[in-house]
Amino acid sequence: MSLVGESSAWKIAFSEEQAQLLEVAAAFCREKSPIEKVRALMTEEKGFDKSLWDEIASLGWLGVAAPESYGGSGLSLAEAIVLAEPMGRRLFASPFFTTTLAAQMLIRAGTETQKKRWLPKICEGTIATLALHEPHGDWDLTNITARAEEREGGLRLVGEKRFVLDAAAAEMILVSVLHKDAPACVIVEKAALPKAALSRETVIDETKRSYRLKLDGITADCQSLLSAEKMTDALHHVHLAAILLLSAEMCGGLSGALDLTVEYLNTRRQFDRFIGSYQALKHPTVDMLTGWDMARSHLYYAASLFGKMAAADDAEAAVRMAKASASDAFAFGSDRCIQFHGGMGFTYECDAQLYRRRALWGEYMHGDSAWHRARLADILLK
Amino acid sequence: MAVDKEELQEFQKEVKAWFDANAPKDPGFLLPQSFMEVGTDKQFHFLRDWQREVYEAGYLGMAWPEDYGGGGKPQPFQDIVNREMAKRSLPFMVNIIGLSWAGPLILNMGTEAQKRAYIKNILSAEDIWCQGFSEPDHGSDLANAQLRAKKTGDHYLLNGSKIWTTLAHVAKYMILLARTDSQTNTKYEGLSFFLAPMDAPGIEIAPIRKLTGEYGFNQVFFADSPLPADCLMGEEGEGWMVAVKTLQFERGAEGGQAGGTSMVRTSVGEVVALARTVKRGGRPAIEDAHIRDQLVRFLMEEKGMRLNGARAKIKPLASERPGSLLMSVKLLESEFQRRLGAFALSLQGMNAAYYMGDPEAADRGRWQRGLFNAFSATIGGGTSEIQKNIIGERVLGLPKS
Ligand SMILES: Cc1cc2nc3c(=O)[nH]c(=O)nc-3n(C[C@H](O)[C@H](O)[C@H](O)COP(=O)(O)OP(=O)(O)OC[C@H]3O[C@@H](n4cnc5c(N)ncnc54)[C@H](O)[C@@H]3O)c2cc1C
């Protein structure tokens, strides 16, 4: 069946810089985030290693997608993807995802003063996060019920936010609210948080640190509002950026689950044979591989369109495809990873559960695959 | 060979213009969708003429050596032609076994005389080639082939049978895997590879009817058929190595093919178009949420496969688990086409039960036929199950089954 010569005109752009970053990040995460370390951090309250975070900052990874004028390296989110993928693979715990996203929000909708104040700090390692989700659990980021009310020349926040990642470690939180009935975003600094505003949530992925944020009692001045007219666009951008980063994290995670599965199939023996010789295990493992390949191709295509000159619809479709494809493939792969470990797979000790939990986390943050497919249908099947 | 970008762009324009002017018109009968489905003389002659026309226009074998009838140009020129043909869903090249596996093999390891004898007529479709690998008792277990080739003087005498032989009914030559020695330690030894003329005495060809009701493949019987000794490809007894090389060309794991497409794939776009015309509860099927979800899944998969091809070209993104992108092409594409075929039928509701020949069958019954024919690719060329074994063992390093 010769299928050669029928290659497509679709191109994936991948720069020399990306290639180098990918190599460095892969080695870094392999070395610094062995599975024992991942497990140790899971049991700690903070959940990440501050000294590694400082290393990341000094490597410039927090500023890859930030403009040079604000202390970044002026590359794009495509470069953040090559960092996120290896992190996902080693289940590397850090506030990278949230800090990168918060920076994206600032770049997109921050005022000049806000950008000048925060972006250089973030590039140097200041942790920032976003509070975008609410008790209703809707994935649509414009479905906002929290409010910012004007009081005494300032703002008073009302409502509650959920799944605020890394909030305890963050110096600032970007909170989405309704202000004058329109979506808005307020910068809330750590010092402005009343005691007990944050409470830790117990979430399915134990490598993550997630918090409930009670807004009642939080005040801010009007200068802490991000630019109102850019808000809709910025929320959309942050949503797509989040999806892209999650896709990268999931592609990496799936690769880790695949390695774990293959290793067991090559060492465990039953009925005097390596279990990997049974096709009931071998063939689904190949399906994991092809699922990973496909998700990864979608990922890097989406990354190359993201933020480039590509038509908005094309880029959005590519990013949603990347997410839907990665979460389905990772769901399947991590599920089989448990099953193929037999009784061992049912234990807390077996790492298969770590990947399954990560897959579920990635799937249910920012839209599951069916939800993205419904959005894709609107774009592709007009 | 350095290729000038502008020259390529110029060339692309020329190619588009040529295909605009010369793309074959609807012949008024259903054309086959792949080389494994050529059942009637009408279809065959139409397709052979088409290949000849493309070759004579200079668009086939562009990167093969000029000395043997090729174009002597860098590969990117042929790539442009291939893309243009695929994009337009033009009829495939009927002599694809010659173009994509026998030809590259001969160029790769054939003698000068063999190259001079065969290459040009492969390109022009003057000589059609077929592949005699599978036997009634040995299909997936190809290395167990038992058709006998016994050396007598300057000839080999062939006895036995090959089966499922696509295009044998119109072929001038066969690439043939036969056993020259049955007293070996392993089944891989004692095999030899031949470029065998199909007009030798003692060869009989019996067409086999396919599941669609049409024809396309055959059983070939050999009874004391003499084969000149210089038909041997490679060394006697080392046929397995040559067969593996052939499979690499066949599966696209190695380049060097003359070009052209081997099949007309059903694109999801065509199925989307179908979903706009057929009705569900009085409304166009495309408005149904469940159908939309499935269409998007297919679109994602189709795109993912193309993107796999794009990623395979980027070294730093293809170096992990090497080979997996290329080795899974056939598995993914063929299984995808099979599932897409079944889905296309499901869109037609009760009318899906019509078949070719009935005036009510949508698009002359191409969807029904397409679903059945999709199995040609999930079975032929090594079944999907065998592909998974190979990928599992070679790419993931899993133990042999
Ligand atoms: C349309 C069409 C055209 C063809 N054209 C040609 C041609 O031109 N030349 C040629 O030589 N051959 C041709 N073939 C033959 C094709 O290569 C064989 O049919 C194929 O290799 C399978 O062999 P088999 O038919 O003997 O099936 P079998 O090998 O008997 O397989 C039967 C089933 O068992 C499964 N199976 C077998 N072994 C294993 C294993 N180790 N692990 C898991 N599952 C296994 C198979 O996947 C299949 O599902 C063609 C076939 C088709 C359908």
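Heavy atoms only: backbone and side chains are in, while hydrogens, waters and symmetry mates are out. Letters A, B, ... are given to chains in the order of the sequence lines, protein chains preceding strands, and every chain is numbered from 1. Quick caveat, the model's predicted, so the values are computed rather than measured.
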Trainee: Tell me which of these, Ile275(A), Leu258(A), Leu281(A), Asp328(A), has more heavy-atom pairs under 4.5 Å with chain B than the rest.
Mentor: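 Winner by heavy-atom pair count: Leu258(A).
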
Trainee: Could you tell me which of Tyr278(A), Tyr301(A), Tyr300(A), Phe274(A) has the largest number of non-hydrogen atom pairs under 4.5 Å with chain B?
Mentor: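 Of the options given, most contacts go to Tyr301(A).
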
Trainee: Is atom CD of Glu320(B) surrounded by more than 12 heavy atoms (other residues, nucleotides or ligands) closer than 6.0 Å?
Mentor: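 Yes, CD of Glu320(B) has more than 12 neighbouring heavy atoms, counting only those of other groups under 6.0 Å.
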
Trainee: Side chain, backbone, both or neither: which part of Thr290(A) has a non-hydrogen atom closer than 4.5 Å to chain B?
Mentor: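 The side chain, not the backbone.
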
Trainee: Measuring heavy-atom distances to chain B, does Ser369(A) have an atom under 4.5 Å in its side chain, in its backbone, in both, or in neither?
Mentor: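 Contact with chain B: none, neither part.
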
Trainee: Output yes when a side-chain donor or acceptor of Arg373(A) lies under 3.5 Å from a complementary backbone atom of Val296(B), and no otherwise.
Mentor: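 Not at all, since once roles are kept as given, no pair shorter than 3.5 Å links the two residues.
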
Trainee: Determine, step by step, whether Phe14(A) and Lys315(B) satisfy the side-chain contact (heavy atoms from CB on, under 4.5 Å) criterion, reporting the C-alpha distance in whole Å, the side-chain angles of both residues, the deciding distance to 0.1 Å, and the verdict.
Mentor: CA-CA 10 Å; Phe14(A) 198 70; Lys315(B) 255 222 179 102; over 6 Å; no

Trainee: Top residue by heavy-atom pair count (under 4.5 Å) with chain B, among Leu289(A), Val262(A), Leu380(A), Leu22(A)?
Mentor: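 The residue among Leu289(A), Val262(A), Leu380(A), Leu22(A) with the greatest pair count is Leu289(A).
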
Trainee: Can a donor-acceptor pair be found, under 3.5 Å and without considering hydrogens, that links the side chain of Arg296(A) to the backbone of Leu317(B)?
Mentor: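 At least one qualifying donor-acceptor pair exists.
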
Trainee: If contact means a heavy atom pair closer than 4.5 Å, which residues of residues 394-401 of chain B contact chain A?
Mentor: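 When heavy atoms of chain A are the reference, residues 394-401 of chain B contributes Val395(B), Leu396(B), Gly397(B), Leu398(B), Pro399(B), Lys400(B), Ser401(B) within the under-4.5 Å range.
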
Trainee: Any ion pair linking Arg311(B) and Asp293(A) (charged N to carboxylate O, less than 4.0 Å)?
Mentor: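 Judged by the 4.0 Å cut-off on N to carboxylate O distance, Asp293(A) and Arg311(B) do form a salt bridge.
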
Trainee: At a heavy-atom separation under 4.5 Å, does Ala26(A) approach chain B through its side chain, its backbone, both, or neither?
Mentor: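 When you check distances to chain B, no heavy atom of Ala26(A) falls under 4.5 Å.
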
Trainee: Name the region of Arg292(B), side chain, backbone, both or neither, that has any atom closer than 4.5 Å to a heavy atom of chain A.
Mentor: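 Arg292(B) touches chain A through backbone and side-chain heavy atoms alike.
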
Trainee: For the residue pair Arg89(A) and Arg321(B), what are the closest heavy atoms and their distance?
Mentor: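 Heavy-atom minimum between the residues: NH2-NH2, 3.9 Å.
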
Trainee: Is Ser328(B) close to chain A through its backbone or its side chain, or both, or neither, when contacts mean heavy atoms under 4.5 Å?
Mentor: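 It is the side chain, since no backbone atom gets that close.
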
Trainee: What part of Met85(B) gets within 4.5 angstrom of chain A, counting heavy atoms only: side chain, backbone, both, or neither?
Mentor: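 Contact with chain A is absent: no heavy atom of Met85(B) under 4.5 Å.
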
Trainee: Contact part of Leu376(A) toward chain B, heavy-atom cut-off under 4.5 Å: side chain, backbone, both or neither?
Mentor: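 Its backbone and side chain both get close to chain B.
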
Trainee: In the structure I gave you, are the side-chain heavy atoms of Leu307(B) and Met294(A) within less than 4.5 Å of one another anywhere?
Mentor: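 No - every pair of side-chain heavy atoms lies 4.5 Å or more apart.
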
Trainee: May I ask you to name which of Leu325(B), Val272(B), Leu247(B) has the most heavy-atom pairs under 4.5 Å with chain A?
Mentor: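 Greatest number of close heavy-atom pairs with chain A: Leu325(B).
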
Trainee: What part of Lys303(B) lies closer than 4.5 angstrom to a heavy atom of chain A: side chain, backbone, both or neither?
Mentor: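 For Lys303(B), the contact with chain A is made by backbone and side chain together.
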
Trainee: Please classify the contact between Glu301(B) and chain A as side chain, backbone, both or neither, with a heavy-atom cut-off of under 4.5 Å.
Mentor: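 Both backbone and side chain of Glu301(B) come within 4.5 Å of chain A.
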
Trainee: List for me each residue that meets side-chain hydrogen bond (donor to acceptor under 3.5 Å, both in side chains) alongside Glu287(B), sequence neighbours excluded, and say none if there are none.
Mentor: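 Result, side-chain hydrogen bond (donor to acceptor under 3.5 Å, both in side chains) vs Glu287(B): Arg283(B).
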
Trainee: Tell me which one of Met327(B), Glu393(B), Lys388(B) satisfies side chain to side chain contact (heavy atoms under 4.5 Å, CB included) with Val286(A).
Mentor: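 Answer after filtering Met327(B), Glu393(B), Lys388(B): Lys388(B).
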
Trainee: By a 4.5 Å heavy-atom criterion (distance strictly below it), what part of Arg297(B) contacts chain A: side chain, backbone, both, or neither?
Mentor: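 It is both, since atoms from each part get that close.
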
Trainee: Picking from Ile286(B), Ile391(B), Leu295(B), Asn389(B), which has the most non-hydrogen pairs under 4.5 angstrom with chain A?
Mentor: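 Ranked by contacts with chain A, first place is Asn389(B).
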
Trainee: Not counting sequence neighbours, which residues clear side-chain contact (heavy atoms from CB on, under 4.5 Å) with Glu385(B)? List them please.
Mentor: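 If we apply the side-chain contact (heavy atoms from CB on, under 4.5 Å) test to Glu385(B), skipping adjacent residues, the hits are His283(A), Thr383(B).
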
Trainee: Will you find, in the side chains of Ser297(A) and Arg306(B), an N or O donor that is under 3.5 Å from an N or O acceptor?
Mentor: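 Judged by distance alone, the side chains do not pair up.
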
Trainee: Using a cut-off of under 4.5 Å on heavy-atom pairs, state which of Ala289(B), Ala275(B), Pro316(B) scores highest against chain A.
Mentor: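 The residue among Ala289(B), Ala275(B), Pro316(B) with the greatest pair count is Pro316(B).
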
Trainee: Using non-hydrogen atoms and a 4.5 Å limit, figure out which bit of Asp287(A) sits close to chain B: side chain, backbone, both or neither.
Mentor: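 Contact with chain B: side chain only.
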
Trainee: Over all heavy atoms of both residues, which pair between Lys282(A) and Gly392(B) is shortest? Give the atoms and the distance, please.
Mentor: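 Closest pair (atom of Lys282(A), atom of Gly392(B), distance): CG-CA, 4.4 Å.
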
Trainee: Taking only residues two or more places apart in sequence or in another chain, which ones pass side-chain hydrogen bond (donor to acceptor under 3.5 Å, both in side chains) with Gln33(B)?
Mentor: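 By the side-chain hydrogen bond (donor to acceptor under 3.5 Å, both in side chains) rule, Gln33(B) matches no residue at all.
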
